[in-house]
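Basis for what follows: all heavy atoms, side chains included, without hydrogens, waters or symmetry-related copies. Note on naming: letters A, B, ... go to the chains in the order of the sequence lines (proteins, then strands), and numbering restarts at 1 for each one.
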Amino acid sequence: MIQDVEKKLKALEIEALASIKKVSDLQNLKDLQVKYIGRKSELVEILRNIKDLDKEAKIAIGKLSNEIKNKIEKEFEAKESILKNSQLETEIKGKKLDLSIPSNIEVSKLHPITQMLDLTIGIFQRMGFEIEFPFEVDTPYNNFTAVNIPEDHPVRDVWDTFWTDDGHVAITHTSSMQHRILKNNTPPIRFIIPGKTFRNEATDARHEHTFYQIEGIYVDKGINMSHLIGVLKEFLSVFFEQDINVLFTPDFFPFVEPGGMLSVDCSKFGDKFEKVSKGTGWLEILGCGMIHPNVLELAGLDSNVYSGFAWGIGLERLIMLKYGIDDIRLFHSGDIRFIRQF
Amino acid sequence: MFISYNWLKKYIPGIIDHSPEEIAKKVSLSLAEVEKIERKGEGLNKIVVGEITEVRNHPTNAKFAIATVKISDSQKITVVFAGSNQDYVKEGVLYPVCIDGGSVYDSNNNIKRIVKTELEGVISEGMLCSLAELGLENEKKGLTLIEDNLPVGTDLIPLLQDYIFEIENKSITHRPDCFSHKGIAREISAMFDLEFKENNENDITTNEKEKIKINILANDVCSRFSCISMRDIKVKSSPTWLKIFLYNLGQKPINNIVDVSNYIMLDMGQPMHIYDLDKLNTKQVYVRRAKKGEKIETINHKSYQLKINHLVISTEKNIEGIAGIMGSHRSEIDANTNNILIEAANFDMFSIRRTGMELGLQSDASIRFSKGLTNTITKDAVIAAVKILEDISHAEVSSKFTDEYVGIDEIKTIEFNLNIIKRLGGVTIEKSKIISILNSLNIGVEGAENIPSEISKIPNANVILTIPPYRKDLNIPQDIVEEVVRIYGYENINPDVPSKSISPTPQNKDYEFTYLCKRQLVAVGFDEIYNYSFVGSSTYKKSNLSTEALLKVINAIAPELEFFRDNLLPSLIEKVELNSSTFDNFGFFELSRILKRTLEEEVPIHQKKIAVLQYSKKGDSNEDLKSKISKFLYSINLQNFSFRNLYNFDKSKISKEDKELLSLFHPNQTLLITYSNQILGYLGLLNPIINNNFGFDANISIAYLDYQTIFDIFSSLKPDFKSINYFPSVYRDTNFKVSQNEVDYGEIIDELSNIRNEQLSKWEVKFLDLYTDQATNEKYLTLRFIMQKEKGTLSEKEIEEMVKKVTLLMEEKYNIQERYI
């Protein structure tokens, strides 16, 4: 009896292994799997009936049939893996697709002022400056009087000012925050004040009534004009990613004494700006100077002990130089074609 | 400010060794930018004074006429000219003539060579030159230039050729002395260390034929009034040199009297006024404030109603001038003037500026006065005018020199520590150099001999400086630092950087969050645009908004820039048209501040808002905007927001100003974006009426978010970390039959999300589908409930329990039944 079953099992094994060897597609392999080790297969039938055998036979047949089943299963797995790979290889060869067509995408952008303001803020922060933002509309006191532009003084005429019906001004420069900052901090005071400023003037490719200015102030003991030039030169070189030559010339701003104008060597920015520089090769980009003692004293700082410098730079002018933009009005045009270029 | 190179030579003879370019460069480096050098008369050649000795018609062409012109004692030439100029070209008249081989300007301002030519049978040997052909004026008209007795044959080229420096005014706002040739010449002499010639004349013969009394009744605003009268004036055209000087400086010659007063102002910086003395018809002149109701007609033929703070020059009867600004038409010089009164006075800068602003009237005189001119030069100005008028109009002085003053500006002194130059300027300048610079600026230095040449050796290297009266801008040591350093050369300051401590600067969290928001809004698909802070009433009106409460700009440039906006959306809507011609779909945003008036604060209220607009030519702009805004809120950690339909929302919970804002939105297709009990903002379709007002033919959706609310929530949030749960989560989908519009599905989902079970570490409700049965028009909402246990796998029973809770809540709270399929 046992021998019969053993014989049968061995025959099954030989037959199964031979069939697996011969089979060449996955479906037939699956059929064979059902046939040889499926729930209704002879092998499983034998295993199922083991419980009816006597003890000795149970051990012998059980062991053998399990061994054979494991062996066949392994063969199936191995064969399946081979067949699957060869099937995939065939498929891969057959599926040639043209992927070269570009995707349809729209990518939106940050406004260049936002981008460049962040760049500027980053540079000055790394140099140890804090940031403070101005009001858009402030008191005439903060915009003028507190920065040494007294009421009724003809020097106010230099700033073409928008006035509001409640007696405020649309800030003409971000120096409008200078007094508050000087008053509320103790030296060393290092701040930049970026903000929207306004001038009552007609617009053209070079002039806007609304523009961004970045005021900077640095007050401490021993601060002098060489520091002013040094700090701004460092900033400009990082901003423009190249060494920038600057020219410092006298100029008049009531809140500084001595006062000056800083120009950059426009030869670095291409022919476009040669004309704008009126052939001088220099482009004025920022007014600056040593903070006037009246401004320091009004904020409670002893001008015999402390000195400091301040500057105001037009952000659009810098961006125009950096990217060769020829019309300042584009910044507030709301034209997406402009925004997407940066 | 225009400055003539020829004229500078009279003050600084040594200037001829320096080219105009060199001078311009130095002036730009040490004083103010020279914006331009205009080369007047450049290329002109062979132009002399010619006398017309005969004029006759052209034999064949009536368009031409022929003149015989004497160009030297021995030489006459024949010139063919345009017959239309026969009014000017007459026998005995002197005319600029360009002779054979010379050159003039053509109508395009290019150089044109003049050669002997035959014009219909007549040989023309030269050309009579108009002002335009000499480069003096743009008009093509003839007009005679030479009306004095310049000798025939005089070479006009040295007069015509000049370099005019255009100096930027703004940099010398504080330097009224530099609004003159004399002032600029002083500066240049200091810059180049060249000798400066004063050219002052003091001796004039006076008499007392006319007795004029000046009464200064407002001595707080008129510190000095100098005058003199002259008689037997011949009013005529100015001499050629004066005319060319004025033309080259952009002025129009009028007559010899007026031209002289302009000339003195351009030369010395002192504004003058000359009255027709017979028209004044008085010996008493008053400087006083205007009386109520007084009026004046000025020489520009305009009438001005004066206010009681305006300073005037008057006689007993009439107002004869707005002091320091403009004279009256009544006493103006005319062709019949015989006697004149020459005035050079000094008026308070504040008073002049205020009057000028109130009257809307500015003049070359008021520009100079309102910068704070010294009163020490009035006498020199009067004398200089007399000298020239004696020479060019044969007039005689007819009074004594009258000089009324309150006080004359004195020489100021400033105590100055030489070390402050290094302290503020950052440059080391030798003591001797400092002193020579100061001296070159006419600043006297006393006490320098006690200071060692190495000035930094003593902390108080004090000297006493004496400041010339025309330098009213120099008052404090810092002013002196600028003087010394600018003449030394700003370009000689070496850049340096201050040393500083390494302590980190404080973060600006508001800026950082603003930037984060902008970046995330861009990341979800919006472009960032910038708009003006200003709006006009027409845009607001089209947007259903009122401008009544807006902060108004009283001197706006244009109607569309008249108000400060209190809402960002109208500006965005305005930018749709421009972009819709390029893009079928776009979304953009602005994160900016709005302004509102307030009486409680020092400054108007500034509030940051986020305005977003989505445009879809075709397609669901609302759905697009909703998903992008949702993504945005998730990206800044505000994922726990909710959407509520506006029409189902309790209106009493919406603020008054938000209600006004909501008029921009479609009332039935708009969402509130809420977070806990706060409203973050609104999102929905642009009100179709507004869409139509702007003439759009597309779907436009808008969103408006309150930045501060979002920032406050963001700042209060901290990531709430939980260990990752590796037990399987399961879900159940359930279908409900729902009614329409009575309750927000969003609210139902939120409510179901709030069901708690302590055993569950995860309980999420997701919207799967909303299906409308076309036959019955009934609506079915499919929701998915996702759950996960803290520990272990959920049993079927536990799942059923949760679903039961859901169905119970739906039934009890909303009367919504589960639908069994």
When only pairs under 4.5 Å are counted, which of Lys196(A), Gln125(A), Glu106(A) shares the most heavy-atom pairs with chain B?
-> Lys196(A)
Do Glu151(A) and Arg354(B) sit within salt-bridge range, that is, some charged N less than 4.0 Å from a carboxylate O?
-> no
Looking only at side chains, do Tyr532(B) and Glu208(A) share a donor and an acceptor under 3.5 Å apart?
-> yes
Tabulate, in ascending numerical order, the residues of residues 331-342 of chain A having at least one heavy atom closer than 4.5 Å to a heavy atom of chain B, or enter 'none'.
-> Phe331(A), His332(A), Ser333(A), Gly334(A), Asp335(A), Ile336(A), Arg337(A), Ile339(A), Arg340(A)
Residue part contacting chain B, namely of Glu257(A), when any heavy atom lies under 4.5 Å = both
Residues Glu33(B), Thr249(A); criterion side-chain hydrogen bond (donor to acceptor under 3.5 Å, both in side chains); working and verdict | CA-CA 8 Å; Glu33(B) 194 194 348; Thr249(A) 53; over 6 Å; no
With only heavy atoms counted, which part of Ser28(B) is less than 4.5 Å from chain A, the side chain, the backbone, both or neither?
-> backbone
Honestly, the part of Ile113(A) sitting under 4.5 Å from a heavy atom of chain B is both
Give, as side chain, backbone, both or neither, the part of Leu591(B) having an atom under 4.5 angstrom from any heavy atom of chain A.
-> neither
Region of Arg175(B) in contact with chain A, defined by heavy-atom distances below 4.5 Å | neither
Under 4.5 Å from a heavy atom of chain A, the part of Lys422(B) involved = backbone
Minimum heavy-atom distance between Pro498(B) and His227(A), given as atom pair plus value = N-CD2, 3.6 Å
Among Ser171(B), Gly525(B), Ala24(B), the residue with the most heavy-atom pairs under 4.5 Å to chain A is Ser171(B)
Against chain B, work out which of Ser303(A), Ser226(A), Ser307(A), Gly230(A) has the most heavy-atom pairs shorter than 4.5 Å and name it.
-> Ser226(A)
Any sub-3.5 Å donor-acceptor pair from His606(B)'s side-chain atoms to Glu136(A)'s backbone N or O?
-> yes
Contact part of Tyr141(A) toward chain B, heavy-atom cut-off under 4.5 Å: side chain, backbone, both or neither?
-> neither
Applying a strict 4.5 Å limit to non-hydrogen atoms, the region of Glu35(B) in contact with chain A is both
Non-hydrogen atoms of chain A under 4.5 Å away: do they reach the side chain of Asn579(B), the backbone, both or neither?
-> side chain
Determine whether the side chains of Thr114(A) and Tyr530(B) contain a donor N or O and an acceptor N or O closer than 3.5 Å.
-> yes
Chain A contacts, top residue of Val603(B), Thr505(B), Asp527(B) (heavy-atom pairs, under 4.5 Å) = Asp527(B)
